[in-house]
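Please read the structure below before turning to the comments.
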Amino acid sequence: MLLMGPPGAGKGTQAKVLAERLKIPAVSTGDIFRANVKDETPLGVEAKRYMDAGDYVPDEVTNAMVRDRLSEADAGEGFLLDGYPRTLAQVGTLDEILADHGHKLDAVVALVADIDVLVERMTKRAHIEGRTDDSEEVVRHRQDVYAAETKPLLQVYAERGLLVEVDGVGEIDEVSERVLAALKTVTE
């Protein structure tokens, strides 16, 4: 399954909860990027330039990383993708990756929330965690990039009958229960 939504909607938090509840690995491109940045790998140095500006890391880097991760044994029985795909081109690449591994998507969950709530969440998180990639200016830019480049993917998945939208505002457990209830409507 895919977990989508604008930056700050709670995808990372929900991915961890849902992966545990559904007994599947959560595959987060954001976590992989941040680990590489922290370790100052060549990928991390390249990715940091884009992340600090609030832009997406180039498709070729992201696609290769996702392909490798979905080839790992723990993803063989299912997985939850968080943060990928982000562009229409990546949708096609993901379709190829899934076909190569004999997988198909069961559902695409989109977490939705008001932009001002998202900006407040992310700037608060940046302050607490000391993250340089979440200044208010960068956060608002990331929201604009999401609206232009990623939000159109929701229509693609809606046309495939896979999309469910879930209110991403509330306590973690409340949102998790909403997601699980929504999944039942798509996977039954």
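This one's a predicted model, so the numbers in the text were calculated from it and none came from an experiment.
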Are [X] and [Y] close enough that some pair of their side-chain heavy atoms sits under 4.5 Å apart?
X	Y	value
Val27	Asp82	no
Leu183	Val109	yes
Thr93	Tyr84	yes
Ile97	Val66	yes

Could you check whether any side-chain N or O of [X] sits under 3.5 Å from a backbone N or O of [Y], counting only pairs where one atom can act as donor and the other as acceptor?
X	Y	result
Gln143	Pro7	yes
Gln90	Arg86	yes
Lys38	Gly44	no

Would you call [X]-[Y] a salt bridge at under 4.0 Å N-O?
X	Y	result
Glu120	Lys124	no
Asp100	Arg67	yes
Arg21	Glu177	yes

So which heavy atom on [X] is nearest to which on [Y], and how close?
X	Y	value
Asp59	Ala89	OD2-CB, 3.7 Å
Leu2	Pro85	CD1-CD, 3.6 Å
Ser176	Gln14	OG-OE1, 2.7 Å
Leu118	Pro6	CD1-CG, 3.4 Å

